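Some notes on the structure that comes next.
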Protein chains: 2
Amino acid sequence: MYTYEYPRPSVTVDIVVFGYDGGRQLKLLLIQRGAPPFKGQWALPGGFVDLDEDLETAALRELEEETGVKDLFVEQLFTFGDPGRDPRGRVISVAYFALVNLQDHPAVAASDADEVGWYSLEELPELAFDHADIIEMATNRLRAKVRYQPIGFELLPEKFTLGQLQSLYETVLNVEEFNKRNFRTRILRTGILEEVGRQQNVAHRPAVLYSFNEETYQRLASQRDTGVLRRALDFEL
Amino acid sequence: MYTYEYPRPSVTVDIVVFGYDGGRQLKLLLIQRGAPPFKGQWALPGGFVDLDEDLETAALRELEEETGVKDLFVEQLFTFGDPGRDPRGRVISVAYFALVNLQDHPAVAASDADEVGWYSLEELPELAFDHADIIEMATNRLRAKVRYQPIGFELLPEKFTLGQLQSLYETVLNVEEFNKRNFRTRILRTGILEEVGRQQNVAHRPAVLYSFNEETYQRLASQRDTGVLRRALDFEL
DNA sequence: CATCTTAGTTTAAAATTTAAACTAAGGTAG
DNA sequence: CTACCTTAGTTTAAATTTTAAACTAAGATG
């Protein structure tokens with residue numbers, strides 16, 4: 001038992017993981033709760049923060065324990081602290097936002113006796129706690145961020161074509177179709193893509209494969225020259 | 001005394017308040033700590049969250065208690081939770097980011113026996129805890145945000161001239177001088193400014209006074225038409 | 001070898017951005 | 001009352017960027 005002079009809240013982490021499989025829908029990683037409260041309902045992966053553990057570490061640990069997913073892009077989203085958001089008492093949750101490509105992280109090893117699943121963002125089940133709010137904020141963040149930081153690459157496999165990249169942007173931004181020529185020109189102009197080969201065995205002209213050049217990106221970003229990126233990623237809607 | 005089955009961290013809020021007085025430097029609101037740890041050193045306003053109180057409410061309450069400043073623009077910045085960031089034990093701090101104009105919130109009523117002061121952002125004293133990191137992140141957020149959201153208005157008095165607005169942007173972004181004609185054209189094109197009179201008793205041609213039109217802004221922002229704003233606020237550096 | 005599908009280019013018209021030279025409106029000093 | 005100082009604000013033409021049409025390219029398949 002632990003005793004303190006003043007009352008203290010519990011602190012948890014929750015993690016919103018977006019996945020992309022090349023289709024027209026983004027996916028979201030959810031677990032089915034095996035214990036009360038909200039037993040049987042779907043929720044975000046997450047759990048209590050250990051006292052000697054960094055917040056981001058806690059989020060990644062809980063994610064791996066509950067879903068087997070690891071090695072992915074992650075950043076802090078927002079801290080949800082409404083009194084009353086958790087029926088067990090005052091629970092403050094630091095929410096994280098993560099991106100992963102489903103090719104490289106396909107199977108999800110269920111553990112901790114909870115079910116795990118990838119849900120289409122447009123067809124989510126009823127969610128526990130205030131997790132619907134957290135997901136809404138994460139979705140807004142993704143849509144905003146994709147327009148000024150090259151985070152889209154986190155959702156694609158190591159090597160990808162410009163067509164795949166364009167489909168991803170169209171999916172994230174929920175847009176019918178961008179102008180192909182201009183998408184190509186804008187993206188390539190930034191210099192953050194690197195040619196790394198060609199498609200094999202496709203029943204049409206094989207596309208050039210690209211990979212994301214982190215080095216060039218860091219140079220652009222640090223030079224305060226983010227205008228190049230912003231202008232390139234700022235598609236007409 | 002309060003007893004729990006598992007150990008719990010303490011949760012605090014800290015608030016980074018930027019002020020602007022028309023000069024070439026942004027100001028930051030700091031308090032001098034009256035109690036250990038870091039007694040006598042300067043720090044951000046902040047304190048412990050009450051158990052039945054919203055996080056933002058806690059930040060605003062602590063700010064008013066410690067500095068007398070209230071009624072200002074505020075948003076969540078980031079949650080700092082490194083084990084070891086506070087010598088008293090595990091303390092997780094939800095940091096907030098705030099903007100205020102110094103004309104309307106000039107005097108700062110010291111209370112709680114601490115000293116209070118506005119410091120130039122370029123000449124900060126040594127700071128307690130990890131508050132230097134928090135301030136650095138807040139400054140980056142301000143510089144990034146000013147380019148795609150019209151938050152600059154929060155730092156100016158109700159009525160202002162285009163010259164004042166331009167000076168503010170030059171100060172925030174640390175830029176010598178923007179092109180006057182283009183600044184004017186871009187800002188006015190958005191329609192978020194409203195003419196509300198003229199300067200009086202100035203030794204030169206009196207400028208038109210403007211105020212921020214929240215309604216137009218909301219309309220633009222909700223229409224997903226944020227490109228108008230981004231393009232207008234995206235100054236060449 | 002014709003045909004299908006997706007990849008990728010060239011380019012001219014339209015739109016926007018840039019910045020130079022200019023005019024305007026007050027106060028102040030003599 | 002007039003010349004002059006300071007800052008406000010405009011007009012506009014040249015330079016640049018964006019847009020989107022019509023086109024060519026490359027491989028697989030039957």
Side-chain angles (χ1 to χ4, degrees), chain A residues 22-24 147-148 156-157 159-171 173 175-191 193-211 225-237, chain B residues 22-24 147-148 156-157 159-171 173 175-191 193-211 225-237:
Chain A
R24 298 301 303 184
R147 294 168 145 280
Y148 62 91
L156 290 175
K159 300 178 180 184
F160 50 86
T161 69
L162 285 178
Q164 289 175 304
L165 184 63
Q166 179 169 349
S167 289
L168 167 63
Y169 274 96
E170 288 164 357
T171 301
L173 295 174
V175 162
E176 195 53 50
E177 190 177 8
F178 291 129
N179 184 302
K180 186 175 65 165
R181 329 175 250 294
N182 302 337
F183 184 87
R184 168 178 301 275
T185 312
R186 284 162 174 243
I187 291 286
L188 290 181
R189 183 171 50 199
T190 64
L193 291 191
E194 206 174 2
E195 281 196 39
V196 290
R198 297 204 137 241
Q199 275 183 326
Q200 303 283 326
N201 294 321
V202 285
H204 51 77
R205 174 171 175 174
V208 171
L209 292 170
Y210 292 91
S211 76
D225 196 358
T226 56
V228 175
L229 286 176
R230 259 205 321 285
R231 248 162 276 140
L233 299 171
D234 181 13
F235 312 104
E236 72 283 13
L237 284 183
Chain B
R24 297 301 302 185
R147 293 167 145 280
Y148 62 91
L156 290 174
K159 298 177 181 185
F160 51 87
T161 69
L162 285 179
Q164 289 175 305
L165 184 63
Q166 181 169 347
S167 289
L168 166 63
Y169 273 96
E170 288 162 357
T171 301
L173 295 174
V175 162
E176 196 53 52
E177 193 178 5
F178 291 129
N179 184 301
K180 186 177 63 166
R181 324 176 254 294
N182 301 337
F183 184 87
R184 167 178 301 274
T185 313
R186 285 164 172 241
I187 292 286
L188 290 181
R189 184 173 45 200
T190 65
L193 292 191
E194 206 173 3
E195 281 196 40
V196 289
R198 299 204 135 240
Q199 275 185 325
Q200 302 285 328
N201 294 321
V202 285
H204 52 76
R205 173 172 176 174
V208 170
L209 292 170
Y210 293 90
S211 74
D225 196 0
T226 57
V228 175
L229 285 176
R230 259 205 320 284
R231 248 161 277 143
L233 300 170
D234 181 13
F235 312 104
E236 72 284 14
L237 285 182

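Every chain is numbered from 1, with letters handed out A, B, ... down the list of sequences. What you are looking at is a predicted structure, and each value in this text was computed from that prediction instead of being measured.
Taking atom CZ of residue A:Arg189 and atom C1' of nucleotide D:dT17, one finds them 8 Å apart after rounding to whole Å. Distance CG (A:Asn201) to C1' (D:dA26): 14 Å, rounded to an integer number of Å. Note: CZ (B:Phe178) to P (C:dT17) measures 15 Å, nearest angstrom. Between A:Phe183 atom CZ and C:dA7 atom P there is a gap of 12 Å when expressed in whole angstrom units. Atom CD1 in B:Ile187 sits about 15 Å away from atom P in D:dA8, given to the nearest Å. Rounded to a whole Å, the CG atom of A:Asn182 is 14 Å from the C1' atom of C:dA13. Between B:Gln199 atom CD and C:dG26 atom P the separation is 11 Å, expressed in whole Å. Atom pair B:Gln164:CD and D:dT7:P shows a separation of 13 Å (rounding to whole Å applied).
Remark: B:Tyr210 OH to B:Glu195 CD distance equals 4.5 Å, nearest 0.5 Å. Taking CG from A:Leu165 and CZ from A:Phe178, the interatomic distance works out to 10.0 Å, rounded to the nearest 0.5 Å.
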*Can you list the steps and then say if A:Arg24 with A:Glu170 is a side-chain contact (heavy atoms from CB on, under 4.5 Å)?*
CA-CA 8 Å; A:Arg24 298 301 303 184; A:Glu170 288 164 357; 3.3 Å; yes
*Intermediate values then yes/no, side-chain contact (heavy atoms from CB on, under 4.5 Å), A:Val208 and A:Leu162*: CA-CA 8 Å; A:Val208 171; A:Leu162 285 178; over 6 Å; no
*Taking protein heavy atoms under 4.0 Å as touching, what does nucleotides 10-16 of chain D look like 5' to 3' if B marks base contact, S marks sugar-phosphate-only contact and - marks none?*
BB-----
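Using a 4.5 Å heavy-atom cutoff, the side chains of B:Arg186 and B:Arg189 are in contact. With contacts defined as side-chain heavy-atom distances shorter than 4.5 Å, the pair B:Arg147/B:Leu173 qualifies.
A donor-acceptor pair under 3.5 Å links the side-chain atoms of B:Gln199 to the main chain of B:Ala207, judged by distance alone.
Place A:Ala203 and A:Leu209 on DNA chain C by their nearest nucleotides, and A:Ala203 ends up nearer the 5' end. With DNA chain D read from its 5' end, the first of the two nearest nucleotides for B:Tyr210 and A:Gln200 is the one closest to B:Tyr210.
With distances taken from any side-chain atom of A:His204 to the nucleotides D:dG9, C:dT5, D:dT19, the minimum falls on C:dT5.
Heavy atoms of B:Arg198 sit nowhere under 4.0 angstrom from any nucleic acid atom.
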